[in-house]
Amino acid sequence: MNNTVLQELGNRIRENRKARGWTQEELADNASIDRSYIGGVERGERNLTFKVLCQICEALLCDVATLTKGIPELPR
């Protein structure tokens with residue numbers, strides 16, 4: 001797996017967080033995750049576990065499919 005998929009997931013998490021008007025710290029608090037970890041996820045530096053992804057989705061009030069649809073992009 002290349003970092004592009006992690007960067008895309010991170011971008012989607014960032015977009016959803018900003019749509020709520022939250023800082024990384026607010027998302028981290030709502031997801032019970034360290035703020036610096038959220039920063040790494042949003043930059044595509046962290047290969048987060050499914051459990052952590054679920055915590056983020058729960059905090060953002062969305063399902064996993066919302067953040068992961070089309071990842072990875074499959075060849076046509």
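Everything numeric here is computed off the predicted structure, so don't read it as measured data.
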Practice prompt. Take atom CD of Glu25 as the centre, draw a 6.0 Å sphere, and report whether it contains more than 12 heavy atoms from other residues, nucleotides or ligands.
Written response: no

Discussion item. Using side-chain heavy atoms (C-beta onward) and a distance below 4.5 Å, is Ile56 in contact with Asn16?
Written reply: no

Practice prompt. Give the minimum heavy-atom separation between Arg17 and Thr23, together with the two atoms involved.
Written response: CD-O, 3.4 Å

Practice prompt. Report yes or no: does Arg35 contribute a side-chain atom to a donor-acceptor pair with the main-chain N or O of Ala28 at less than 3.5 Å?
Written response: no

Fill in: Sub-4.5 Å side-chain heavy-atom contact between Val52 and Arg46
no

Worksheet item: Are Leu48 and Leu9 side-chain neighbours, meaning at least one heavy-atom pair lies under 4.5 Å?
Response: yes

Response to the item:
Closest non-hydrogen atoms of Tyr37 and Thr49, given as atom of the first, atom of the second and distance, are OH-N, 4.5 Å

Worksheet item: Is there a path from Phe50 to Ile13 through hydrophobic residues (I, L, V, M, F, W, Y) whose side chains come within less than 4.5 Å of each other?
Response: yes

Fill in: Atom of Leu27, atom of Ala59 and distance for their closest heavy-atom approach
CD1-CB, 3.9 Å

Worksheet item: Just by distance, do the side chain of Arg12 and the backbone of Leu67 share a donor-acceptor pair under 3.5 Å?
Response: yes

Worksheet item: How far apart are the closest heavy atoms of Arg20 and Leu60, and which atoms are they?
Response: NH2-O, 2.8 Å

Worksheet item: So does Glu58 have more than 12 non-hydrogen atoms from other groups sitting under 6.0 Å from CD?
Response: no

Worksheet entry | Atom pair CD1/CD of Ile38 and Gln24 - distance to nearest 0.5 Å | 7.5 Å

Discussion item. What I'd like to find out is whether the side chain of Leu6 reaches to under 4.5 Å of the side chain of Glu45, using heavy atoms alone.
Written reply: no

Item to complete: Check for a donor-acceptor pair, side chain of Thr66 on one end and backbone N or O of Cys62 on the other, with a separation under 3.5 Å.
Response: no

Fill in: Minimum-distance pair of heavy atoms, taken over all atoms of Pro72 and Val5
CB-CG1, 3.9 Å

Discussion item. Please check this pair: side chain of Arg43 against backbone of Gly10, looking for a donor-acceptor N/O pair closer than 3.5 Å.
Written reply: no

Discussion item. Closer than 3.5 angstrom, by distance alone: can the side chain of Gln55 be matched with the main-chain N or O of Ala31 as a donor-acceptor pair?
Written reply: yes

